[in-house]
Colleague: 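Please see the structure below; I have some questions.
The figures that follow rest on heavy atoms only: side chains count, while hydrogens, waters and symmetry mates do not.
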Amino acid sequence: MAPQHVKGAWRARIITLFPEAFPGTLGLSLTGKALNEGLWSLQTIDLRPFGIGKHRNVDDSPAGGGAGMVLRADVVAAALDEAAIGTPPDRAAWPVIYLSPRGKPFDQATARRWAGTDGITMLCGRFEGVDQRVLDHYAVEEVSLGDFVLTGGEIAAQAMIDATVRLLPGVLGNASSTEEESHSHGLLEHPQYTRPATWEGREIPTVLTSGNHAAVEKWRRAEAERLTRERRPDLWARRPNP
């Protein structure tokens, strides 16, 4: 069954040499269900047809020498022009992103910002990167999934889109879920437990089965603060409510 299309739904446009990589995991579970229901849409733009010459070359050797290849400015520009059709020119309403290990770290605040836009264009890099001139000319924002290097931007794009789409209205079905999870308030999430009550000699903390909701919330907050202090002192240092 073909996906539905809801007017005004959030849109993602992905420029990639590997359009077959999508939707990938984005087509599964709640994000896939929301995609089929038209709560968001996904369009891939194959970079190869914009390539130069008989062989559709998209890259060339780096200026100044060095290993690897660099995506050409003219090729990427043509793809960005295609992706821009029907989108608002305001970058606040429609960010244009290059997935780059030297970019600003992606975080929950970024996902929330993107979820409040009309949509997003993502450029998935390959090889040694993209000609800087096209990034500057199109005011492309560089964003990094983390302090490591992948062979391309496709996996990073899927991760970032997943984090964004789940914040869209109606995707999770339970808005409170996004308010209680890790990073929503600058803290890691508290530990979770479920049945059986006793497993391998380990019991669920008594407070969670006490029926005292105020005590449960106090325990969860304390645990979230403890885990954040221990595991992410960087988050603890910049928490909004010290």
Side-chain angles (χ1 to χ4, degrees), residues 3-4 6 8-10 12 23-42 92 95 104-120 143-148 155-242:
Q4 302 178 48
V6 176
W10 191 84
T25 57
L26 296 172
L28 305 175
S29 190
L30 293 175
T31 53
K33 182 173 181 284
L35 182 62
N36 288 328
E37 292 177 349
L39 298 180
W40 70 287
S41 67
L42 175 67
K104 178 183 176 181
F106 180 76
D107 57 15
Q108 191 70 11
T110 305
R112 282 195 296 267
R113 173 165 63 90
W114 290 354
T117 65
D118 295 338
I120 197 168
V143 180
S144 171
L145 185 61
D147 294 335
F148 48 85
I155 293 174
Q158 289 193 26
M160 294 181 192
I161 291 173
D162 181 276
T164 302
V165 165
R166 63 194 305 279
L167 298 177
L168 299 175
V171 172
L172 291 189
N174 182 0
S176 63
S177 294
T178 62
E179 297 172 3
E180 298 173 356
E181 57 199 10
S182 287
H183 304 290
S184 295
H185 301 286
L187 297 172
L188 300 182
E189 189 178 17
H190 55 78
Q192 298 281 9
Y193 298 87
T194 188
R195 296 175 180 174
T198 302
W199 177 80
E200 296 290 337
R202 298 172 182 266
E203 297 183 351
I204 295 175
T206 305
V207 64
L208 298 181
T209 57
S210 67
N212 186 331
H213 297 298
V216 168
E217 289 306 311
K218 182 178 180 181
W219 179 89
R220 286 175 171 172
R221 176 74 183 194
E223 285 295 294
E225 292 179 350
R226 178 184 64 81
L227 289 173
T228 306
R229 284 195 305 270
E230 292 176 359
R231 300 181 182 182
R232 292 294 304 274
D234 57 320
L235 288 179
W236 182 254
R238 62 175 186 265
R239 67 196 188 285
N241 297 305

Colleague: For Thr25, which residues count as a side-chain hydrogen bond (donor to acceptor under 3.5 Å, both in side chains) partner, sequence neighbours excluded?
Modeller: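 Listed in chain order: Gln158.
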Colleague: Say you draw a straight line from CD of Glu189 to CG of Leu227; how long is it, rounded to the nearest 0.5 Å?
Modeller: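 One finds 10.0 Å between CD of Glu189 and CG of Leu227.
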Colleague: Would you check if Leu187 and Glu225 make a side-chain contact, meaning some heavy-atom pair closer than 4.5 Å?
Modeller: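 A side-chain contact under 4.5 Å exists here.
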Colleague: Taking all non-hydrogen atoms of both residues into account, name the closest pair between Ala163 and Ala111 and its distance.
Modeller: O-CB, 3.8 Å
Colleague: Could you tell me whether the side chain of Arg202 and the main chain of Trp199 form a donor-acceptor pair under 3.5 Å?
Modeller: no
Colleague: Can you name the side-chain hydrogen bond (donor to acceptor under 3.5 Å, both in side chains) partners of Glu230, sequence neighbours left out?
Modeller: Arg226
Colleague: Under the side chain to side chain contact (heavy atoms under 4.5 Å, CB included) test, which residues partner Ala109, sequence neighbours left out?
Modeller: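 Per chain and number, Ala109 pairs via side chain to side chain contact (heavy atoms under 4.5 Å, CB included) with Asp107, Arg112.
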Colleague: Considering only heavy atoms from C-beta outward, does the side chain of Thr228 approach that of Arg239 to under 4.5 Å?
Modeller: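 Answer no - side chains too far apart.
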Colleague: Distance check, rounded to the nearest 0.5 Å: Asp162 atom CG versus Leu167 atom CG?
Modeller: 9.5 Å
Colleague: Asp234: which residues meet the side-chain hydrogen bond (donor to acceptor under 3.5 Å, both in side chains) condition with it, sequence neighbours left out?
Modeller: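 If we apply the side-chain hydrogen bond (donor to acceptor under 3.5 Å, both in side chains) test to Asp234, skipping adjacent residues, the hits are Arg232.
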Colleague: Ignoring hydrogens and geometry, is there a side-chain-to-backbone donor-acceptor pair from Ser144 to Pro105 under 3.5 Å?
Modeller: no
Colleague: Within a reach of under 6.0 Å around CZ of Arg113, are more than 12 heavy atoms found that belong to other residues, nucleotides or ligands?
Modeller: yes
Colleague: Has the side chain of Ser41 got a donor or acceptor atom that lies under 3.5 Å from a matching backbone atom of Gly38?
Modeller: no
Colleague: Are Arg221 and Glu217 ion-paired here, with the side-chain N under 4.0 Å from a carboxylate O?
Modeller: no
Colleague: With a 3.5 Å distance limit and no angle check, can you tell me whether Thr164 reaches the backbone of Met160 through a side-chain donor-acceptor pair?
Modeller: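 Checked: pair present.
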Colleague: With sequence neighbours left out, what residues match Ile204 under side chain to side chain contact (heavy atoms under 4.5 Å, CB included)?
Modeller: Tyr193, Leu208, Thr209
Colleague: For Leu168, enumerate each residue passing the side chain to side chain contact (heavy atoms under 4.5 Å, CB included) test, keeping only those at least two apart in sequence or located in another chain.
Modeller: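 Result, side chain to side chain contact (heavy atoms under 4.5 Å, CB included) vs Leu168: Trp10, Trp40, Ala115, Val165, Val171.
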Colleague: Minimum heavy-atom separation for Gly119 to Pro95, with atom names?
Modeller: O-CD, 3.2 Å
Colleague: Side chain of Thr31, backbone of Leu26: donor and acceptor closer than 3.5 Å?
Modeller: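 Checked: pair present.
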Colleague: Which residues pass the salt bridge (Lys or Arg N to Asp or Glu O under 4.0 Å) test with Lys218, not counting sequence neighbours?
Modeller: none
Colleague: For Ala197, what residues pass the side chain to side chain contact (heavy atoms under 4.5 Å, CB included) criterion, not counting sequence neighbours?
Modeller: none
Colleague: Find the distance between NE2 (His190) and CZ (Arg220) and round it off to the nearest 0.5 Å.
Modeller: 4.5 Å
Colleague: With heavy-atom distances below 4.5 Å as the criterion, would you say the side chains of Val207 and Asn212 are in contact?
Modeller: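 Of all side-chain heavy-atom pairs linking Asn212 with Val207, none is under 4.5 Å.
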